[in-house]
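Below you'll find the structure, written out as structure tokens, and then a few comments.
Just so it is clear, the structure is predicted and the values come from calculations on it, not from any experiment. Residue numbering restarts at 1 for every chain, and letters A, B, ... go by the order of the sequence lines.
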Number of protein chains: 2
Amino acid sequence: MSTATTKRITTTKITMNKSQLKLVSTLERVGGFASAQELYQMLRRDGDGIGLTTVYRALQSLLDDKIVDVLRRADGEAIYRLCGEAHHHHLVCRSCGATVEIEGSSVEKWAEAISEEHHFREVGHTVELFGLCSNC
Amino acid sequence: MSTATTKRITTTKITMNKSQLKLVSTLERVGGFASAQELYQMLRRDGDGIGLTTVYRALQSLLDDKIVDVLRRADGEAIYRLCGEAHHHHLVCRSCGATVEIEGSSVEKWAEAISEEHHFREVGHTVELFGLCSNC
DNA sequence: ACGCTAATGACAATCATTTTCATTTTTGCT
DNA sequence: AGCAAAAATGAAAATGATTGTCATTAGCGT
């Protein structure tokens, strides 16, 4: 008999309720980041009678289930996006707001190495660059 | 006579008022990040009659003068630190809050390269890692 | 249909941050 | 020193995102 440890396979069954599904599809439509307030307004505009509380709750569940990622805008407002989106970072002009999407495999590798070095698991990262673009 | 363009030397005289000085010295004492609310409470504990409004205003001025940096905690609260502090990043346990300070010259170089590539100037960056530490 | 649980939404509460505005302090000038 | 204008200050109210409360409702299994 092998003494190999059995890998734990996480079989958490993830069930999404109606609100969560609506949010996911709205986020798909957005294709990037959106705040809770923005998502709420989009749904209302579409005639949906969803409540703000429900939007926040559903987003929290989606976060727990790792279906969405969260980030903070400069003013502190939380913005969400689907995890599935290709992971990239942003170079933002702090004057005019122009944004360039950056893919940075080197940073990903760096983050991974650091995490291992310190025995951290499930490490995500936030990497954002802020400066002045050539026009500003 | 030379036709060389004259380099503009920015001689903005930076004068700090009393409140700004107090905040700088408090931040020195802290040696890292602190929120406006925390700084306010520290000063009050020390018997200073400073008002919260003044703390926010002074921090804003220090930001404008590039004397302090700002970052966001996970809950969206803004935290400030002196720019002079050795620049480093953080690896934070999202469960117990344990924090490891990381220095990452490779990320600095990467950020610089990206900035140049897109002709951005005065680029600062935010790099934070969040995960689960070995105890959690 | 019935009973139970999860989900929902209106509303109030919280908390950081910003605004307002009247008062005080500092500064510059004579 | 004396005085006027400008800058700084702080109390209190306003704002805006987010969270908590709680009564109502929708779904589901029997």
Side-chain angles (χ1 to χ4, degrees), chain A residues 12-27 30 33-65 67-81 94 97 126 130, chain B residues 12-27 30 32-65 67-81 94 97 126 128 130:
Chain A
T12 321
K13 190 169 300 173
I14 293 184
T15 35
M16 276 201 257
N17 64 31
K18 219 187 303 182
S19 306
Q20 285 166 270
L21 285 169
K22 283 182 205 162
L23 281 171
V24 167
S25 82
T26 306
L27 278 171
V30 168
F33 290 101
S35 70
Q37 305 277 347
E38 287 164 357
L39 291 166
Y40 169 68
Q41 299 199 356
M42 286 182 199
L43 284 168
R44 300 295 295 211
R45 265 188 236 113
D46 293 357
D48 197 305
I50 198 170
L52 187 52
T53 312
T54 305
V55 170
Y56 276 103
R57 258 189 306 234
L59 284 172
Q60 188 54 55
S61 304
L62 292 173
L63 266 182
D64 293 344
D65 295 346
I67 296 173
V68 302
D69 264 350
V70 67
L71 214 85
R72 293 268 167 192
R73 268 212 266 264
D75 65 349
E77 193 175 358
I79 49 181
Y80 306 81
R81 83 168 158 203
R94 67 170 138 255
T126 298
F130 297 95
Chain B
T12 321
K13 190 169 299 174
I14 294 185
T15 37
M16 276 201 257
N17 64 29
K18 219 184 306 181
S19 306
Q20 285 166 268
L21 285 169
K22 283 182 206 163
L23 281 171
V24 167
S25 82
T26 307
L27 279 171
V30 168
F33 290 100
S35 70
Q37 304 278 348
E38 288 164 356
L39 291 166
Y40 169 69
Q41 298 199 356
M42 286 182 200
L43 284 167
R44 300 295 295 212
R45 265 189 235 112
D46 292 357
D48 197 305
I50 199 170
L52 186 53
T53 312
T54 305
V55 170
Y56 276 104
R57 259 189 306 234
L59 285 172
Q60 188 54 56
S61 305
L62 292 173
L63 266 181
D64 293 345
D65 295 347
I67 296 173
V68 303
D69 265 351
V70 67
L71 214 86
R72 293 268 167 192
R73 268 210 267 263
D75 66 349
E77 194 176 357
I79 50 180
Y80 306 81
R81 83 170 157 202
R94 68 170 139 254
T126 298
E128 303 291 319
F130 297 96

Name all pairs fulfilling the salt bridge (charged side-chain N to carboxylate O under 4.0 Å, His left out) condition that reach into residues 47-57 of chain A, sequence neighbours left out, sorted by first residue then second.
-> A/K22-A/D48
Residues which pass side-chain hydrogen bond (donor to acceptor under 3.5 Å, both in side chains) with A/N17, listed by chain and number, not counting sequence neighbours = A/Q20
Contact boundaries of DNA chain D with chain A (under 4.0 Å, heavy atoms), 5' to 3'?
-> D/dA17 to D/dG27
Taken to the nearest 0.5 Å, the spacing of A/L71 CG from A/S35 OG works out to 12.5 Å
Close approaches to DNA chain D from residues 50-64 of chain A, in residue order (heavy atom, under 4.0 Å) | A/L52, A/T53, A/Y56
Who are the side-chain hydrogen bond (donor to acceptor under 3.5 Å, both in side chains) partners of B/R44, not counting sequence neighbours?
-> none
Tell me what B/G76 touches on the nucleic acid: a base, only sugar-phosphate, or nothing, going by heavy atoms under 4.0 Å.
-> nothing
Rounded distance [0.5 Å steps], CG in A/D69 versus CG in A/L62 | 11.5 Å
Under the side-chain hydrogen bond (donor to acceptor under 3.5 Å, both in side chains) test, residues paired with A/Q41 that sit two or more places apart | none
Return the set of residues passing side-chain hydrogen bond (donor to acceptor under 3.5 Å, both in side chains) with A/Q60 (not counting sequence neighbours), or none when no residue passes.
-> A/D64
Check DNA chain D against residues 35-45 of chain B and give the residues with a non-hydrogen atom under 4.0 Å, in numerical order.
-> none
Please name all residues satisfying salt bridge (charged side-chain N to carboxylate O under 4.0 Å, His left out) with B/D46, sequence neighbours left out, ordered by chain then number.
-> B/R29
List in chain and number order the residues that pass ring-ring contact (aromatic ring centres under 6.0 Å, His included) with B/Y40, two or more places apart in sequence or in another chain; answer none if no residue qualifies.
-> none
By ring-ring contact (aromatic ring centres under 6.0 Å, His included) - contacts of B/Y56 (at least two apart) | none
Between A/D75 and B/R72 the two heavy atoms that sit nearest each other are C-NH2, 3.4 Å
When you list every nucleotide of DNA chain C with an atom under 4.0 Å from a heavy atom of chain B, which one comes first 5' to 3', and which comes last?
-> C/dA16 to C/dT26
